[in-house]
Novice: 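Just dropping this structure here.
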Amino acid sequence: MNINFQTSVRPRSEFLQVLSERGFIQQCSDIDALDSWLTTNRGTAYNGFDLTADSLHVGHLIPIMMLRWFQKTGNRPIALMGGATTRLGDPSFRDTSRPLLSEEQIAGNLAGIRRVFERFLTFGDGPEDALMVNNADWLGSLKYLDFLRDVGPHFSVNRMLTSDSVRQRLEREQSLSLLEFNYMVMQGYDFHVLAGMHGCLLQLGGSDQWGNILSGVEFGRRAGGRALFGLTAPLLTTASGAKMGKSAAGAVWLNADRLSPYEFWQFWRNSEDADVGRFLRLFTELPLDEIARLEALRGAEINVAKKVLADAVTGLCHGTDAAAESSETSRRLFEEGTTTTGLPTNSVNGDMLRHGLPLPDALVMAGLAGSKSEARRLILGGGVRVNSRNAGNEAMQLGPADVEDGFIRLSVGRKRHVLLQPEP
């Protein structure tokens with residue numbers, strides 16, 4: 001197996017060419033055989049997503065883009081929803097067990113996540129149309145003794161213990177339940193089922209899933225006599241080493257009801273200079289020569305490339321109209337300082353304002369600070385404004401007199417703005 005992707009030979013298949021040129025490939029189980037298969041066949045590949053929230057976040061964009069490119073190069077992608085495995089919890093590189101969710105919560109999360117995929121993939125009944133399937137459909141009906149007899153002999157506990165995600169938990173002497181330990185077996189069984197049901201021979205994922213993916217490849221060979229493939233992308237960090245997908249206010253969600261298109265646009269507009277070229281290759285479909293031109297911009301001109309990045313990613317995730325509105329909102333805010341159109345809006349109880357709402361509390365409610373202590377530091381540092389006025393007093397309280405045109409606009413720095421809208 002090619003544990004790391006290192007080859008000087010240009011792939012023949014269009015899909016692997018795109019992924020290689022844009023920096024998606026970290027590891028592949030057998031890159032040459034996979035390239036040969038995709039060159040001569042219309043392939044089917046899947047990526048799995050557990051249903052731990054009602055929206056995916058920016059950290060999921062790489063696997064989503066891999067599925068999108070798979071479809072755009074003439075193949076059929078499968079988005080596997082982990083309705084069953086969400087009930088177990090993936091231990092991959094986690095320090096603690098994941099909270100268990102109810103069936104109702106999982107169903108609600110699936111409905112929210114489907115909206116994300118409808119932006120990126122074309123679903124239907126054609127040979128290249130995407131499928132969305134739920135592993136609860138087959139894992140939920142398994143009989144435990146039959147499963148142990150049929151599947152258990154094909155998984156080595158010795159090998160499972162050497163998986164990085166499991167080994168690191170054990171080395172740190174952190175509890176790993178039998179429930180979580182079974183996750184690798186469940187994921188391997190998913191691959192086996194999808195290969196049989198849909199001819200799916202390729203699993204895509206992040207590099208944190210490498211051990212799980214290899215277990216599925218091996219299980220497919222031993223149980224079904226199939227040559228399966230695994231391909232992973234690097235886990236992304238920013239140029240400064242921060243984990244991708246977090247903003248000052250928390251996770252960068254992909255659903256507009258969790259994070260406004262304007263805030264999403266601003267996240268990309270605020271990318272570090274050194275990340276712009278890489279993000280353009282991974283998260284947009286701009287031609288590579290255009291990306292090279294933008295990446296070469298220096299000084300203040302790099303902001304042009306950041307706006308192109310923000311427009312392109314927001315357009316994919318929320319539509320071109322939302323991207324254009326977010327860009328115009330940003331321009332008017334910074335050039336004119338007057339607009340409220342398109343800004344994220346939070347409701348605030350009218351009685352709280354009538355009795356006086358402490359400014360630190362308001363900043364936390366608006367998501368502009370993670371805690372009251374952080375809010376106080378921002379206020380004392382001179383970075384907070386109420387409407388257009390500087391607010392340097394941490395004892396300040398917001399009241400009805402601060403409402404202008406139906407809102408109170410809170411700002412932290414020049415780029416983060418939220419509207420508070422009083423309720424009766």
Side-chain angles (χ1 to χ4, degrees), residues 44-57 60 63-64 67 77-94 96-117 121 123 130-155 157 160 163 165-166 169 176-206 208-220 223-224 228 230:
T44 300
Y46 90 96
N47 205 320
F49 301 84
D50 277 342
L51 306 172
T52 55
D54 59 3
S55 171
L56 300 179
H57 55 72
H60 294 108
I64 292 174
L67 289 176
I78 297 177
L80 172 64
M81 300 293 102
T85 43
T86 298
R87 297 168 61 185
L88 300 182
D90 181 2
S92 297
F93 299 95
R94 298 177 59 87
T96 58
S97 299
R98 213 163 51 183
L100 299 182
L101 303 180
S102 68
E103 293 289 343
E104 293 74 18
Q105 288 173 307
I106 291 174
N109 291 347
L110 191 153
I113 287 173
R114 184 177 181 90
R115 296 202 304 271
V116 175
F117 281 99
L121 301 177
F123 291 89
L131 301 175
M132 179 172 284
V133 297
N134 188 341
N135 63 13
D137 292 342
W138 54 85
L139 293 179
S141 61
L142 289 175
K143 294 181 179 180
Y144 186 61
L145 292 179
D146 292 343
F147 183 76
L148 286 179
R149 180 196 63 201
D150 297 338
V151 176
H154 300 294
F155 284 84
V157 172
M160 294 168 72
S163 171
S165 59
V166 173
R169 280 275 287 273
L176 179 69
S177 69
L178 177 62
L179 194 67
E180 294 173 292
F181 194 60
N182 268 281
Y183 191 94
M184 186 181 298
V185 180
M186 298 292 99
Q187 186 168 328
Y189 189 74
D190 284 344
F191 201 176
H192 174 67
V193 169
L194 291 175
M197 290 176 59
H198 300 291
C200 178
L201 304 186
L202 172 61
Q203 182 179 174
L204 306 170
D208 60 334
Q209 294 294 315
W210 183 238
N212 292 351
I213 291 173
L214 283 184
S215 293
V217 170
E218 180 65 13
F219 177 53
L228 303 182

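Source: prediction; values computed, not measured.
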Novice: Please report the closest heavy-atom contact between Ala79 and Phe117, naming both atoms and the distance.
Specialist: CB-CE2, 3.9 Å
Novice: Check whether Thr86 reaches the backbone of Leu51 with its side chain - one donor and one acceptor, N or O, closer than 3.5 Å.
Specialist: yes
Novice: Listed by chain and number, what are the ring pair (Phe, Tyr, Trp, His ring centres under 6.0 Å) partners of Phe191, not counting sequence neighbours?
Specialist: Tyr46
Novice: Using modelled atom types only, decide if a donor and an acceptor are shared between the side chain of Asn134 and the backbone of Gly83 within a distance under 3.5 Å.
Specialist: yes
Novice: Looking at Thr44 and Gly199, what are the two nearest heavy atoms and their distance?
Specialist: CB-O, 3.9 Å
Novice: How many angstroms lie between CD in Gln105 and CG in Asp54, if you round to the nearest 0.5 Å?
Specialist: 10.5 Å
Novice: Could you please spell out the steps behind the side chain to side chain contact (heavy atoms under 4.5 Å, CB included) verdict for Leu56 and Ile64?
Specialist: CA-CA 10 Å; Leu56 300 179; Ile64 292 174; 3.8 Å; yes
Novice: Would you check if Val133 and Met81 make a side-chain contact, meaning some heavy-atom pair closer than 4.5 Å?
Specialist: no
Novice: In the structure I gave you, are the side-chain heavy atoms of Arg114 and Phe123 within less than 4.5 Å of one another anywhere?
Specialist: yes
Novice: Does the side chain of Phe219 reach to within under 4.5 Å of the side chain of Leu228, using non-hydrogen atoms?
Specialist: no
Novice: How close do Ala136 and Ala84 get, counting heavy atoms only, and between which atoms?
Specialist: CA-CB, 3.8 Å
Novice: Using side-chain contact (heavy atoms from CB on, under 4.5 Å) as the criterion, point out the one residue from Leu80, Ile106, Thr85 that pairs with Asp50.
Specialist: Thr85
Novice: Using side-chain contact (heavy atoms from CB on, under 4.5 Å) as the criterion, point out the one residue from Asn212, Leu139, Asn135 that pairs with Met186.
Specialist: Leu139
Novice: Could you please spell out the steps behind the side chain to side chain contact (heavy atoms under 4.5 Å, CB included) verdict for Gln187 and Ile213?
Specialist: CA-CA 8 Å; Gln187 186 168 328; Ile213 291 173; 4.0 Å; yes
Novice: Any heavy-atom pair between the side chains of Leu194 and Trp138 that's under 4.5 Å?
Specialist: yes
Novice: Can you confirm whether the side chains of Gln209 and Gln203 place a donor and an acceptor under 3.5 Å from each other?
Specialist: no
Novice: Considering only heavy atoms from C-beta outward, does the side chain of Ile113 approach that of Ser55 to under 4.5 Å?
Specialist: no
Novice: Which residues pass the side-chain hydrogen bond (donor to acceptor under 3.5 Å, both in side chains) test with Asn109, not counting sequence neighbours?
Specialist: none
Novice: Any donor-acceptor pair under 3.5 Å linking the side chain of Asn47 with the backbone of Leu204?
Specialist: yes
